[in-house]
Amino acid sequence: MKFSEMPYERPDVEAFKGQLTELTNRLKAAGSYDEARAVFIEKEEAYRRFNTNFDLASIRNTIDTRDEFYDGEITFWNAAGPELEEYSKAWTAAMLSSPFRENFAAEYGGLMFVNAEIELKTFSPEIVPQLQKENDLTQEYQKLIASAKIPFEGGEYTISQMTPFTTDADDTRRLAAWKAVGTWYKEHQADLDRIYDELTRLRDEMGRKLGYEGYTQLGYYRMGRNCYGREDVERFRAAVRKYLVPLADRIFRAQAERIGVAYPLSYADNALKFRSGNPRPQGTADDILAQGMKFYGELSPETAEFFRTMLDSELLDVLSTEGKAGGGYCTSIPEYRVPFIFANFNGTQGDVEVVTHEAGHAFAYWMNRDRVPMEYAWPGMEACEVHSMSMEFMAWPWIEGFFGPDSRKFLYSHLAGALTFIPYGTLVDHFQHEVYARPDMTPAQRHAKWKELQEVYMPWVRLDGDIPFFSEGEAWQRQSHIYEAPFYYIDYCLAQTVALEFWALLQKDKKGAWEKYMAYTRQGGSRTFTELLENAGLDSPFDEKCLRGVCETASQWLDQFDLTGIA
């Protein structure tokens, strides 16, 4: 079925509450495993239908945030979701105390119970009002960003549509574009500060109501972290500062020399990788999708079937249009067993990375779409990002078809960008730990903290320039994850480290690298992150030697890469 043909229906929340209560009672009363299993499968199907309606409403709302019908539906879901938590947790508690727990674990694996125990630590009926308010605030942030109309050179553009200008090779034009974007953020700073201030205090309140010292531990539980904790993340951050920050600093010093500007770089100069311009994909959006089909069609039989289905079933919405939410994502529509990709093409190399990155997520779901329980279709967030970031590197043999004469530029900047992203992502994580450790900080104090940490993790960026907002230690407010999904961002960094492992393997043995990728992907969410890695023969990013080895290999490759003839 095509996406446009998928029907949406607002569910009857009270009826669904009754259905969940009935299923929970039947599970408790089950006299045999067969009886308990039948109730379990019935509950799975009920949630497939229920979640599908939510996903359809959410996707269609982000495609056009001005659509009054779906805007109203998201308001409905913002209230309904927290109301249902109590009933969902009652089911979870019944599963955990079931006399047939060992039977379930034998058939489906024990991870579902590990995750269930974590899930119960994230909720109490007492925090329902806070959860509803949190939903409203994150929706307000999303709508604010989507509403941007930035005047530039006689036109009006969304934030995403400004990207070609903020990466333009002409210094004057590029700087003017950064100033225009910074001015828009600055004009809306009061709302950005207010929304985040309310979110921070609200989340801290939820954590304390659930018996924690604040939000941080609750945030880790809400992220479903089941095989590592705060100490592991701190150890990873230390390795980033030790190995990656110096390498990234070398990369940016070389960039400054290459484009003929002073070091440290301004935000505007940081965005220009080559004096002759950043790599740009060739052709239209349709051409990029066609090359995506060639890539996936030749990569493997599984990827060929997957991407053809995505195209034929309208499961990619990639053009940047007025009223569309910013960014990109992949989600699933569980009743139809298909993924969906949302993006904002803007004529930059990011368009190609959507076809590889987000489709990496989508392919992983496609391979595990029939798993039971359906939560096993997706692993944890950090594990999911391995699928996507590694798929970007799998596309390298087909890169000529995406970038043509800019292919060498892309290969260099893609690897350099993967390496230099990790310090930024680690900065985002460190910043959030500081924020939730001191939820009473004022907006000005948060900006000062970001500025302080940015000098540690990103010393190559100058913060005393004349670009509004960005040069004032406020750039974190454009990172939606900080508002919408606290503590998510370190997952990208952990995953990027593993993706760089795959990149190193690809340099030696493409076939072997793909076999390991499939060994990792086929496990779905049936194992923890560290177990997925171990089962696929990969190193853990929490082991310092992993990051050290990646940096050594990548540093040699960058030093030896031929940039002759590229200005």
Are the side chains of V338 and S313 in touch, meaning some heavy atoms are under 4.5 Å apart? no

Considering only heavy atoms from C-beta outward, does the side chain of F152 approach that of Q161 to under 4.5 Å? no

Heavy-atom closest contact (G524 atom, P379 atom, distance): O-CB, 3.5 Å

Before you tell me yes or no, could you show the steps for Q479 and Y424 under side-chain hydrogen bond (donor to acceptor under 3.5 Å, both in side chains), namely the whole-Å CA-CA distance, both residues' side-chain angles and the distance that decides it to 0.1 Å? CA-CA 11 Å; Q479 189 60 65; Y424 168 74; 2.7 Å; yes

List the steps, then state whether ring-ring contact (aromatic ring centres under 6.0 Å, His included) holds for Y196 with W476. CA-CA 11 Å; Y196 193 65; W476 62 271; 4.9 Å; yes

Ring geometry between W366 and F306 (parallel below 30°, tilted from 30 to 60°, perpendicular above 60°): tilted

Pairing of R462 and D269 as salt bridge, 4.0 angstrom limit: no

If I compare all heavy atoms of F236 with all of P541, which pair ends up nearest, and what's the gap? CD1-O, 3.4 Å

Would T284 and D286 satisfy side-chain hydrogen bond (donor to acceptor under 3.5 Å, both in side chains), going step by step from the backbone distance to the final call? CA-CA 5 Å; T284 64; D286 286 340; 4.9 Å; no

Do E314 and S4 get their side chains close enough for a donor-acceptor pair, meaning under 3.5 Å? yes

Considering residues, nucleotides and ligands other than K143, do more than 12 of their heavy atoms fall under 6.0 Å from its NZ? no

Heavy atoms from other residues, nucleotides or ligands near CD of E5 exceed 12 (cutoff 6.0 Å): yes

For the residue pair F295 and T356, establish whether any side-chain heavy-atom pair is separated by less than 4.5 Å. yes

How many angstroms lie between CG in N278 and OG in S413, if you round to the nearest 0.5 Å? 7.0 Å

In terms of heavy-atom contacts, L210 and K121 come closest through CD1-O, 4.1 Å

Closest heavy-atom contact between W77 and A57? NE1-CB, 3.9 Å

Between E205 and Q130, do the side chains contain an N or O donor and an N or O acceptor separated by less than 3.5 Å? yes

Modelled atom types, side-chain donor and acceptor of H447 and E472, under 3.5 Å: no

Take D491 and R225 through the test salt bridge (Lys or Arg N to Asp or Glu O under 4.0 Å) and record every step on the way to the result. CA-CA 10 Å; D491 297 28; R225 300 213 163 123; 2.4 Å; yes

Measure the CG-CG distance between L244 and L500 for me, rounded to the nearest 0.5 Å. 8.0 Å

Are any of the side-chain nitrogens in D55 or R48 under 4.0 Å away from the carboxylate oxygens of its partner? no

What do you reckon, is NZ of K133 surrounded by more than 12 foreign heavy atoms closer than 6.0 Å? no

Does the distance from a Lys or Arg side-chain N to an Asp or Glu carboxylate O, for K324 and D317, drop under 4.0 Å? yes

T200 and D197: side-chain donor and acceptor closer than 3.5 Å? no

For salt bridge (Lys or Arg N to Asp or Glu O under 4.0 Å), just list the numbers for K449 and E452, CA-CA rounded to whole Å, side-chain angles, deciding distance to a tenth of an Å, and then say yes or no. CA-CA 5 Å; K449 177 56 67 175; E452 172 192 327; 3.3 Å; yes

Which atom pair, heavy atoms only, marks the closest approach of C330 to P339? SG-CB, 4.2 Å

Judged by modelled atom types alone, do R280 and T167 share a side-chain donor-acceptor pair under 3.5 Å? yes

Go through F487 and H433 one step at a time and tell me if the ring-ring contact (aromatic ring centres under 6.0 Å, His included) criterion holds. CA-CA 8 Å; F487 297 120; H433 278 81; 4.7 Å; yes

Between K2 and D312, does any side-chain N to carboxylate O distance fall below 4.0 Å? no

What orientation do H357 and H361 show, parallel under 30°, tilted 30 to 60°, or perpendicular over 60°? perpendicular

Distance, nearest 0.5 Å, that separates OH of Y8 from OG of S58: 10.5 Å

Are Y47 and E375 close enough that a side-chain donor and a side-chain acceptor fall under 3.5 Å? no

Between F3 and F340, how do the two ring planes meet: parallel, tilted or perpendicular, split at 30° and 60°? tilted

Can you name the closest pair of heavy atoms from N51 and P334 and give their distance? CB-CG, 4.0 Å

Identify the residue among Y220, Y215, F431 that makes a ring pair (Phe, Tyr, Trp, His ring centres under 6.0 Å) with Y436. Y215

Under 4.0 Å between a Lys/Arg side-chain N and an Asp/Glu carboxylate O for K17 and E86? no

Run the numbers on F16 and W91 for ring-ring contact (aromatic ring centres under 6.0 Å, His included), then give the verdict. CA-CA 13 Å; F16 194 63; W91 167 270; over 10 Å; no

Spacing of W460 atom CH2 and E455 atom CD [to the nearest 0.5 Å]: 12.5 Å

Hey, could you give me the NE2/CG distance between H430 and L453, rounded to the nearest 0.5 Å? 5.0 Å

Flag the pair E434 and R438 as a salt bridge only when some basic side-chain nitrogen lies within less than 4.0 angstrom of an acidic carboxylate oxygen. no

In terms of side-chain geometry, is the basic nitrogen of D64 or R60 positioned less than 4.0 Å from the acidic oxygen of its partner? no

Over 60° means perpendicular and under 30° means parallel, so tell me whether Y267 and F470 are parallel, tilted or perpendicular. tilted

E119 side chain to K89 main-chain N or O, any donor-acceptor pair under 3.5 Å? no

Decide salt bridge (Lys or Arg N to Asp or Glu O under 4.0 Å) for E474 and K186; before the verdict, give the C-alpha distance in whole Å, the side-chain angles of both, and the deciding distance to 0.1 Å. CA-CA 9 Å; E474 297 160 359; K186 200 69 182 174; 3.0 Å; yes

Can you tell whether the side chains of E198 and R194 come within less than 4.0 Å, N to carboxylate O? yes

Going through the distances and angles, do Q139 and N61 end up as a side-chain hydrogen bond (donor to acceptor under 3.5 Å, both in side chains)? CA-CA 10 Å; Q139 184 185 9; N61 174 249; 4.9 Å; no

Could you please spell out the steps behind the ring-ring contact (aromatic ring centres under 6.0 Å, His included) verdict for F402 and F410? CA-CA 10 Å; F402 287 113; F410 173 78; 8.4 Å; no

Does the pair E322/K149 count as a salt bridge with the N-to-O cut at 4.0 Å? yes

Assess whether a salt bridge exists between R222 and E134, defined as any Lys/Arg side-chain N lying under 4.0 Å from an Asp/Glu carboxylate O. yes

Side chains of T65 and Y70, donor plus acceptor under 3.5 Å: no

State plainly whether the residues R173 and E153 are in salt-bridge range, i.e. N to O under 4.0 Å. yes

Would you indicate whether E156, at its atom CD, is surrounded by more than 12 heavy atoms from other residues, nucleotides or ligands within a distance under 6.0 Å? yes

Just wondering, more than 12 heavy atoms not from E9 lying within 6.0 Å of its CD? no

I'd like to know if D466 pairs up with K179 as an ion pair, taking the criterion as any Lys NZ or Arg NE/NH1/NH2 lying under 4.0 Å from an Asp or Glu carboxylate oxygen. yes

Atom OG of S332 and atom CZ of R337: how far apart are they, to the nearest 0.5 Å? 11.0 Å

